[in-house]
Undergrad: 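Just dropping this structure here.
Just so it is clear, the model here is predicted, and its values are computed rather than measured.
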Amino acid sequence: MPAASTGAVARFAGSTPATAGAAASSVPAVDSPAPAPTAPVPPADEDRRRAPGAPGFRRMSFALFLAGVATFALLYSTQALLPLISADFAVGAGDASWTVSAATGALALFVLPLSALSERFGRRTLMTVSLAVAVAVSLLIPFAPSLEALIALRAVQGAALAGVPASAMAYLAEEVRPRALVAAIGLFVAGNSIGGMSGRVVTGWVAQEWGWRVALGVLGLLAVVAALAFRALVPAPRHFTPAPLSPRALGRTVRDHLSDPLLRRLYAIGALFMTVFGAVYTVIGYRLTEAPFSLPQGVVGSIFLVYLVGTVSSAAAGRLVARLGRRGTLYLAGGTTSAGLLLSLAGSLIPVLAGLVLITAGFFAGHAVASAAVSRTATHGRAQASALYQSAYYLGSSAGSTLGALAFHAGGWAAAVALGLLAVTGVVAITLLGTRAARVEQRVRRDAAVARGGAVRSVPDQGGSSRGAVGRAGPGQGGSGLGGSVRAGRAAPVMAARH
């Protein structure tokens with residue numbers, strides 16, 4: 001697997017320790033003559049990465065934003081239309097929900113093998129092919145003759161879309177400076193929220209007048225436009241190094257990632273957050289079209305305008321991390337989501353809408369933080385690390401859609417809320433486990449430093465507290481997640497902000 005430039009991604013703070021030799025050469029001796037003019041020294045690899053204000057950064061960000069729009073508009077294209085699909089095929093919510101679960105489940109299964117292909121053929125190439133296949137399938141879906149055919153086409157579409165999420169995050173991790181990575185991924189996630197929102201709003205109003213088949217056809221045409229714009233705008237990669245396809249190497253990389261307790265916690269957090277989100281937005285249409293609300297399909301589709309809140313919260317995730325730390329931001333996201341679930345139990349429309357706003361804000365903030373932490377934590381096989389996160393994330397979506405529909409059928413909205421609260425409790429428990437792991441790691445390192453007679457200094461972490469650090473932080477400084485781990489056989493690098 002290519003190892004070039006992974007160290008920069010692994011550093012949470014994004015800082016590069018100055019090299020002593022470089023520093024010495026920049027200051028001539030007092031008694032020496034002035035040095036002769038020399039050609040400019042090429043910047044370090046990290047300095048040539050794109051950053052806000054640099055040429056091409058906005059173009060790249062907008063291209064990835066469009067990819068996110070097209071991906072999520074297509075992936076959840078049937079979600080707002082489930083009541084109409086149920087009525088057309090004379091099936092219940094549980095059966096109709098498979099048009100969502102099949103797409104997200106197929107994406108979860110194919111994201112890892114397609115990420116391996118991206119290591120060989122390139123991130124941009126794979127994203128382009130994935131979007132092309134997905135939009136082609138979207139033009140066939142309106143003609144599905146049965147529910148089974150519709151579910152099958154949706155599964156193919158989900159498998160095709162699998163090439164976008166993991167490739168996009170790996171592309172950003174390679175092309176964007178570490179300090180700007182959270183913001184760049186946040187903008188990609190913002191595109192996800194815009195796509196999810198616009199797809200549901202457009203299909204809702206079109207379906208109210210002309211039916212769900214026409215609505216899906218219109219959405220497919222809009223996705224074609226977004227895919228073409230993405231391909232025209234996305235810059236060619238400057239830091240990608242192709243690697244040969246090797247199933248054995250892929251297996252080793254996957255085992256490495258799954259053996260890292262920090263990555264496992266991040267994967268679980270992504271899956272649990274998405275379980276909540278999938279459950280809520282799969283059955284909210286059924287609740288709002290039934291008494292006491294009895295809203296028309298167009299208005300139900302417009303409910304998804306609350307996705308705009310997700311656009312804001314995901315883009316603001318970087319600022320929240322800077323102020324609260326990663327664990328603090330995850331606690332805030334979990335608390336916000338829980339408050340929204342409880343508020344949505346009300347019997348009037350305004351509190352329900354306010355609850356959806358809070359659920360959406362909490363979910364997108366938590367997702368942006370966890371996904372960015374995965375990209376920063378992996379020191380090799382970044383595409384596979386992101387792919388494993390996406391697999392867990394979309395398995396959570398698939399499980400949430402199916403379990404949410406079953407819970408709603410069995411116990412109404414209150415049962416769906418209970419399912420969501422259970423998942424949020426899991427997020428909080430995992431984050432607390434990371435807090436304990438970080439404190440244990442801090443004590444181990446401090447005790448080891450004292451035993452060696454080394455100096456111990458206090459380094460503020462991203463949560464505003466202090467953690468022991470021995471000497472100068474090494475290249476791994478900063479970590480990213482929910483408590484680090486000490487690797488067997490060598491001293492773990494100092495992680496001043498690993499949470």
Side-chain angles (χ1 to χ4, degrees), residues 9 14 48-77 118 122-135 138 160-202 219-240 304-305 307-319 364-365 367-369 371-372 375 382-383 386 390:
V9 179
R48 288 188 283 111
R49 297 170 186 268
R50 301 183 192 276
F57 182 83
R58 288 187 178 179
R59 178 180 170 182
M60 178 198 66
S61 299
F62 186 59
L64 271 294
F65 174 84
L66 289 175
V69 169
T71 299
F72 262 63
L74 293 177
L75 187 63
Y76 293 99
S77 58
S118 79
R123 325 295 188 197
R124 185 176 72 159
T125 299
L126 191 65
M127 287 188 285
T128 300
V129 173
S130 294
L131 285 174
V133 174
V135 298
S138 72
L161 289 171
V164 177
S167 296
M169 291 185 183
Y171 175 88
L172 291 172
E174 290 168 348
E175 302 298 321
V176 176
R177 293 185 187 181
R179 286 185 182 274
L181 184 57
V182 172
I185 290 181
L187 188 58
F188 172 66
V189 175
N192 297 346
S193 68
I194 290 290
M197 175 201 71
S198 60
R200 291 157 166 109
V201 172
V202 169
L219 186 64
L221 293 175
L222 294 176
V224 169
V225 174
L228 292 174
F230 160 78
R231 186 61 183 87
L233 292 173
V234 64
R238 298 190 297 186
H239 303 280
F240 171 73
F304 290 92
L305 285 170
Y307 263 56
L308 288 171
V309 177
T311 304
V312 174
S313 67
S314 59
R319 294 192 297 272
F364 275 103
H367 168 45
V369 170
S371 59
S375 294
R382 290 190 305 273
S386 293
Q390 297 294 332

Undergrad: Provide the closest heavy-atom pair for Gly199 versus Leu219 in the form atom of the first, atom of the second, distance.
TA: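 Heavy atoms of Gly199 and Leu219 come nearest at CA-CD1, 3.7 Å.
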
Undergrad: Can you give me the closest heavy-atom contact between Tyr171 and Pro235, atom names plus distance?
TA: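 So the two residues come closest at OH-O, 2.9 Å.
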
Undergrad: Using the side chain to side chain contact (heavy atoms under 4.5 Å, CB included) rule, take Met60 and Leu172 through it: C-alpha gap first, then chi angles, then the decisive distance, then the call.
TA: CA-CA 9 Å; Met60 178 198 66; Leu172 291 172; 4.0 Å; yes

Undergrad: Please indicate whether Arg59 has more than 12 foreign heavy atoms, meaning atoms of other residues, nucleotides or ligands, lying under 6.0 Å from its CZ.
TA: yes

Undergrad: Determine the minimum heavy-atom distance between Gly163 and Ser130, stating which atoms define it.
TA: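 The answer is CA-OG, 3.2 Å.
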
Undergrad: Looking at Val135, is its backbone amide N or carbonyl O close enough to the side chain of Ser138 to form a donor-acceptor pair, meaning the two atoms are under 3.5 Å apart?
TA: yes

Undergrad: Tell me whether the rings of Phe72 and Tyr76 are parallel (<30°), tilted (30 to 60°) or perpendicular (>60°).
TA: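 Tilted: the ring planes of Phe72 and Tyr76 meet at 30° to 60°.
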
Undergrad: Determine the minimum heavy-atom distance between Leu233 and Phe62, stating which atoms define it.
TA: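 Closest approach of Leu233 to Phe62: CD1-CD2, 3.4 Å.
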
Undergrad: Please report the closest heavy-atom contact between Ser118 and Ser167, naming both atoms and the distance.
TA: CB-OG, 3.5 Å

Undergrad: Report the distance from atom OG of Ser198 to atom CG of Leu305, rounding to the nearest 0.5 Å.
TA: 10.0 Å

Undergrad: CZ/Arg124 to CZ/Phe230 distance, rounded to the nearest 0.5 angstrom?
TA: 8.0 Å

Undergrad: Return the minimal non-hydrogen interatomic distance between Ala70 and Ala223, and the atom names on each side.
TA: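 Smallest heavy-atom distance, with atoms named: CB-O, 4.5 Å.
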
Undergrad: Quick one, Val133 with Leu161, criterion side chain to side chain contact (heavy atoms under 4.5 Å, CB included). Give me CA distance, side-chain angles, the key distance, then yes/no.
TA: CA-CA 8 Å; Val133 174; Leu161 289 171; over 6 Å; no

Undergrad: As a quick check of understanding, evaluate side chain to side chain contact (heavy atoms under 4.5 Å, CB included) for Phe364 and Val312, giving each step before the final call.
TA: CA-CA 9 Å; Phe364 275 103; Val312 174; over 6 Å; no

Undergrad: Mark yes or no for whether Ser371, through its side chain, and Ala368, through its backbone, hold a donor-acceptor pair below 3.5 Å.
TA: yes

Undergrad: Look up atom CE in Met127 and atom CZ in Arg231, then write down how far apart they are to the nearest 0.5 Å.
TA: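 The distance works out to 9.5 Å.
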
Undergrad: Do Ile194 and Leu308 touch side chain to side chain, with heavy atoms closer than 4.5 Å?
TA: yes

Undergrad: With no hydrogens and no angle check, is any side-chain donor or acceptor of Ser77 less than 3.5 Å from a backbone partner on Leu74?
TA: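 Answer holds: yes.
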
